[in-house]
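Everything below concerns the one structure shown next.
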Amino acid sequence: MSVRLRFAPSPTGALHIGSVRTILYNYLFARQRGGTLVLRIEDTDRERLVTGAIDSIYDGLHWLGISWDEGPREGGPHVPYVQSERLPLYQRHAAELVAKGAAYYCFCSKERLAELRKQQEARHELTRYDRHCRNIPAAEAAERAKTESHTVRLKVPDEGTLAIDDLVHGRIEWQANTIEDQVLLKSDGFPTYHLAVVVDDRVMGITHIMRGEEWIASVPKHLLIYRAFGWEVPPMAHVPDVQGPDGKKLSKRHGSTAVSEFKEQGYLPEALVNFLALIGWSPGTEEEVFSMDDLIRVWRIEKVQRGGAKWDKDRLDYFNGVWIRRLPEDELVRRLRAFVPPQWDDDLLRKVVPLIRERMKTLAEAKDQIAFLFTETPEYPPSLAVPKQQSAGTTVEALSRAASALRDARPFDARSVESALRGVADGWSVREFTHAVRVAVTGRTIGPPLFESIELLGRERTLQRIERAQSALRG
RNA sequence: GGCCCGGUCGCCUAGUGGACUAGGGCGCUUCCCUUUCAAGGAAGAGGUCAGGGGUUCGAAUCCCCUCCGGGCUACCA
């Protein structure tokens with residue numbers, strides 16, 4: 001039988017990189033088995049809705065190369081794929097649970113609940129619903145429900161053991177008496193997560209539930225719902241959280257978390273996917289560079305770790321560098337376009353890319369490294385050109401020697417530029433000499449290889465810049 | 001507080017009773033290469049496998065306790 005998995009993000013903000021990791025695992029699992037992927041939007045909390053969040057989910061996942069088969073915009077056999085458009089389905093199921101005696105109407109006001117909680121806290125008791133409405137006669141409750149505001153609560157048994165054999169954690173058990181009578185249907189007619197997932201996963205034919213480990217605690221409630229309906233519980237896998245450097249769940253406090261931000265900062269989707277896959281999973285071998293296709297081949301649910309994993313930006317940067325170097329040159333140029341001004345010449349960009357491709361950690365860094373080629377006058381303090389053991393005066397002289405050598409260099413390419421400059425270093429070390437020329441020509445002390453840079457800049461512009469440096473140094 | 005999940009170098013991790021003198025990668029240090037910076041190559045520092053008890057001829061690996069971290073504990077997801 002073919003597998004069906006779902007990603008079920010909530011549209012409560014920009015697509016979070018931590019949820020992407022979980023989505024990626026769902027994707028890999030389904031794709032390697034030729035299964036089907038469903039995107040379902042879990043928007044049952046209308047108070048936390050953020051407009052544009054669905055666009056952010058689509059943009060982010062598409063950018064990363066994660067695709068799916070059924071969803072709000074692609075349609076499928078179980079439309080609609082947005083929970084807020086499926087309300088009657090949940091209401092019907094909630095009513096069915098009440099009819100079966102597995103759930104009951106609760107008429108407690110939010111005020112009473114808050115007061116109850118306050119008192120329990122004061123007495124250092126467990127803060128749990130006191131089952132106040134649990135014993136209202138069914139007929140009476142049904143009658144009141146017609147006119148009074150109410151919720152539907154799960155009728156949790158007093159005793160018994162609930163358990164699952166989690167695909168990553170193994171067996172996990174709970175005692176029924178530690179579980180509260182969870183609200184299933186809110187007074188606004190919307191289901192809570194607990195009712196909605198169980199119903200939708202069932203109705204949509206989901207064969208494997210894979211989600212973040214923050215959901216483990218609600219599993220027993222779900223189990224009770226499955227049991228009440230007489231449904232079989234699908235295999236579950238709870239994957240570890242992605243944590244910030246402080247061990248807490250990764251959040252904005254730790255830096256960027258939105259997929260779109262990583263895109264803007266010049267990270268490659270290939271690198272992000274590679275890095276993300278390795279947070280909480282490893283192949284068991286010493287390989288670590290994986291493309292999406294590689295991952296679909298080698299990723300295994302059995303190798304997913306139990307412990308939470310920390311976000312390590314240095315490691316992400318490393319992988320980004322790896323993937324930048326792996327990109328075909330044309331492709332790198334194409335991706336760089338979005339990170340440099342549109343008026344920068346395409347030809348020149350193409351020529352300079354080989355010089356900087358192994359000097360970038362992110363696409364965004366390229367611009368500063370090559371700006372000297374595209375802008376007319378690099379700004380820098382004149383003294384920057386003077387090497388440690390030299391003076392402004394000797395530097396002016398050295399630059400004169402460089403200028404005249406470059407005037408005669410034929411043809412004006414990296415090779416002849418190099419021999420021309422080496423030939424006139426005189427008493428200076430090549431290191432000092434190229435330093436002075438580099439600063440004069442590029443305005444910076446570090447950058448792409450000097451001789452190649454000079455070739456690309458051209459004789460005229462190079463000589464102009466050297467002259468300008470000299471007059472600046474003369475004060 | 002209660003329930004649940006975790007705990008191997010700074011970080012990501014390999015490891016499922018003997019090949020572990022605990023392996024790899026990132027980061028860090030040094031060296032090589034070298035026109036700078038990178039990249040690349042080489043070497044190195046870094047771990048009482050959270051701690052304590054067991055079980056066993058033998059434990060990072062199994063059991064118990066403790067400690068620490070995290071999640072949940074909402075008419076949020």
Using atom [atom1] in both nucleotides, what's the gap between [N] and [M] to the nearest angstrom?
N     : M     : atom1 : value
B:G51 : B:A38 : P     : 38 Å
B:G17 : B:C62 : C1'   : 8 Å
B:G23 : B:C9  : C1'   : 12 Å

For a quick test of reading the model: is some side-chain N or O of [X] closer than 4.0 Å to OP1 or OP2 of [N]?
X        : N     : value
A:Arg117 : B:A74 : yes
A:His238 : B:C5  : no
A:Gln305 : B:A14 : yes
A:Arg153 : B:C75 : yes
A:Lys388 : B:U36 : no
A:Arg431 : B:U34 : no
A:Lys313 : B:G10 : no
A:Thr178 : B:G2  : no

Separation of [N] [atom2] from [X] [atom1] (nearest whole Å):
X        : N     : atom1 : atom2 : value
A:Ile216 : B:C72 : CD1   : C1'   : 10 Å
A:Leu162 : B:C4  : CG    : P     : 12 Å
A:Glu213 : B:G71 : CD    : P     : 9 Å
A:Leu384 : B:U36 : CG    : C1'   : 12 Å
A:Ile172 : B:G71 : CD1   : P     : 17 Å
A:Leu316 : B:U13 : CG    : P     : 14 Å
A:Lys310 : B:U13 : NZ    : P     : 9 Å
A:Asp188 : B:C75 : CG    : P     : 12 Å

Taking all non-hydrogen atoms of both residues into account, name the closest pair between A:Val437 and A:Leu421 and its distance.
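Distance-wise, the nearest heavy atoms are CG1-CD1, 4.4 Å.
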A:Trp323, A:Trp299, A:Phe319, A:Trp281 screened by ring-ring contact (aromatic ring centres under 6.0 Å, His included) with A:Phe290, the one that passes:
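One option only clears the test, and that one is A:Trp281.
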Can you tell me the Watson-Crick or wobble partner of [N], both distances under 3.5 angstrom?
N     : answer
B:G69 : B:C5
B:U36 : none
B:A42 : B:U30

Nucleotides 40-51 of chain B: which of its N/O atoms have a protein N/O under 3.5 Å away?
{"unit_1": "B:G40", "atom_1": "OP1", "unit_2": "A:Arg325", "atom_2": "NH1", "d": "3.4"}

Within the 3.5 Å criterion, strictly below it, is a donor on [X] or [Y] matched to an acceptor on the partner's side chain?
X        : Y        : result
A:Gln305 : A:Ser282 : no
A:Arg144 : A:His150 : no
A:His254 : A:Asp246 : yes
A:Tyr318 : A:Glu288 : yes

Has A:Ser400 got a side-chain atom pairing as donor or acceptor with A:Val396's backbone, closer than 3.5 angstrom?
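Answer holds: yes.
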Give every pair of a protein N or O atom and an N or O atom of nucleotides 60-62 of chain B that lie under 3.5 Å apart, one pair per line with the distance.
none

Going 5' to 3' along nucleotides 19-24 of chain B, which nucleotides have protein heavy atoms under 4.0 Å from the base (write B), which only from the sugar-phosphate (write S), and which from neither (write -)?
----SS
Using ring centroids (six-membered ring only for Trp), state whether A:Tyr81 and A:Trp68 fall under 6.0 Å.
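Ring centroids of A:Trp68 and A:Tyr81 are no less than 6.0 Å from each other.
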Any N or O donor-acceptor pair under 3.5 Å from the base of B:C75 to the side chain of A:Ser187?
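Answer yes: a donor N or O sits under 3.5 Å from an acceptor.
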Identify whether any heavy atom of A:Asp45 sits under 4.0 Å from a base atom; if not, whether one sits that close to sugar-phosphate; answer base, sugar-phosphate or nothing.
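Since only primed, P, OP1 and OP2 atoms lie under 4.0 Å of A:Asp45, the category is sugar-phosphate.
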